[in-house]
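The analysis underlying the following values was restricted to heavy atoms, covering all of them including side chains, and did not include hydrogens, waters or symmetry mates. A note on names: the letters A, B, ... follow the listed sequences, proteins ahead of strands, and every chain is numbered from 1.
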Protein chains: 2
Amino acid sequence: MPELRPTFPQGDARNAIVEAALAVFAAEGFHGAGTRQIAQAAGVSQPLLNHHFGGKEALWRVVGEQITADFMAFMTDAVDLALPPGDGVTAMLRAYLAFWKARPLSFRFNLWRRLDGLQDERVSRSEQMTRPVVAFMQRAQDAGFIRNDLPPGLAAIMGGALVQFLLDSQLEIRAALAVTGDEGLADEDAIGHIVRLLRAPS
Amino acid sequence: MPELRPTFPQGDARNAIVEAALAVFAAEGFHGAGTRQIAQAAGVSQPLLNHHFGGKEALWRVVGEQITADFMAFMTDAVDLALPPGDGVTAMLRAYLAFWKARPLSFRFNLWRRLDGLQDERVSRSEQMTRPVVAFMQRAQDAGFIRNDLPPGLAAIMGGALVQFLLDSQLEIRAALAVTGDEGLADEDAIGHIVRLLRAPS
DNA sequence: CCTATCGCTGATCGATTGATCAGTCAACGC
DNA sequence: GCGTTGACTGATCAATCGATCAGCGATAGG
């Protein structure tokens with residue numbers, strides 16, 4: 001009877017390592033982060049990483065999978081398919097924005113994963129994260145909520161692009177495109193404008 | 001009389017190194033790329049990198065500065081301030097898209113630079129690259145070309161975001177958001193839709 | 001023909017990497 | 001009390017990193 005995880009002692013050191021690994025990986029990327037650095041941030045010794053996770057690669061994978069799982073659970077709860085298309089899109093975009101704004105480290109880790117990720121996960125994981133947004137926009141367009149002078153799929157991409165860009169400008173690099181003014185745009189306002197732009201004329 | 005560059009022999013080996021460095025850096029990032037790997041790709045020995053550029057960091061900087069210079073020159077030529085705002089925005093977005101589509105390695109290197117770049121260039125360089133687009137959109141909005149129900153600056157961000165996302169989906173990760181169909185959207189069509197979306201009602 | 005110069009390379013440096021090993025210590029069953 | 005188990009650490013491993021050094025070979029000036 002094979003057991004997927006070796007022993008899993010349920011110690012809090014494990015969680016501390018994952019937490020520290022998220023912080024260091026988010027700041028430095030996979031190749032830039034060192035196992036000693038992660039261990040120090042977690043307050044443990046370096047061999048403990050290998051003892052619990054089996055290696056640096058495996059630790060990276062655990063961090064990434066936890067982010068993916070959290071995101072999927074959050075979006076599943078937030079998305080209400082019973083809402084009318086208009087409110088549904090707005091709620092979904094809001095949830096997407098709120099999730100990542102509350103987890104800047106996870107957001108940056110995900111940016112790394114698009115470039116620096118291990119070979120076999122570069123596409124699948126990153127793709128999986130944005131797919132709910134795009135799929136939901138697609139659904140709204142199919143329901144006739146999106147203006148009909150846009151080719152199928154473009155509105156979905158636009159919605160994802162705009163929200164993603166809001167995140168980029170607010171989380172990743174401070175003032176990367178600080179042309180919107182000093183304090184930037186409130187999320188609610190920005191999402192409202194995005195939805196109105198893509199909405200079919202009433 | 002100080003000379004900025006040590007000797008600068010104007011050999012073609014130098015260009016070969018820069019070219020190989022762009023390819024390897026684009027694929028692996030700064031920390032992921034090795035000087036021996038770059039040297040092998042350029043067909044030279046590894047100490048030659050240090051001889052010509054003084055180190056890995058300096059080589060990274062040279063590659064980045066060349067991309068920035070090429071981009072600035074290209075956009076300066078492509079942007080015609082005499083055009084009416086509508087044609088001007090379209091032409092500018094087209095030029096931006098064409099530049100990066102013709103240089104996928106430079107595009108990916110620039111993605112790296114946002115995360116993996118050396119500390120002092122992380123903001124400035126990346127900011128410098130998108131600023132022309134945003135600034136030009138801003139100008140078009142000031143001229144009354146952009147619909148007036150958008151807060152100042154948001155249209156500029158939207159234009160930049162949408163074009164950037166077109167690039168992402170086409171260059172960086174194949175089929176990252178392949179929801180637009182099999183062959184994707186033609187650039188001219190996509191840009192036309194974006195401009196029409198943001199344009200003031202006639 | 002000699003030599004100084006310059007582009008360039010093989011060999012090697014110390015430092016740091018991720019991973020491993022032997023061994024300590026506390027907790028627990030008997 | 002005793003032995004076993006397992007989380008955990010200091011010390012150390014081979015491998016690789018970027019950088020350096022001495023020297024090769026071709027070329028140009030005298």
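- Between B/S45 and C/dC8, a side-chain N or O to OP1/OP2 separation shorter than 4.0 Å is absent.
- Under the 30°/60° scheme for interplanar angles, the aromatic rings of B/W60 and B/F109 are found to be tilted.
- Whole-Å rounding puts the A/H51 NE2 to D/dT9 P distance at 10 Å.
- B/E19 CD: 12 or fewer foreign heavy atoms inside a 6.0 Å radius.
- Closest to the B/N50 side chain, of the nucleotides D/dA19, C/dT20, C/dA11, is D/dA19.
- Put simply, CZ on B/R36 is 10 Å from P on D/dT16, counting in whole angstrom units.
- In this structure, the nucleotide among C/dC8, C/dA19, D/dG10 sitting nearest to the side chain of A/P47 is D/dG10.
- Of the candidate nucleotides D/dA19, C/dG18, C/dT9, C/dG18 has the atom nearest to the side chain of A/T35.
- Nucleotide C/dT16 holds its P atom 14 Å from the CD atom of A/Q40, rounded to whole Å.
- Residues A/F25 and A/W112 form no side-chain contact, since every pair of their non-hydrogen atoms from C-beta on lies 4.5 Å or further apart.
- Ring geometry, A/F74 versus A/F99: the interplanar angle falls from 30° to 60°, so the pair is classed tilted.
- Atom CZ of A/F53 and atom C1' of C/dT20 are 18 Å apart (whole Å).
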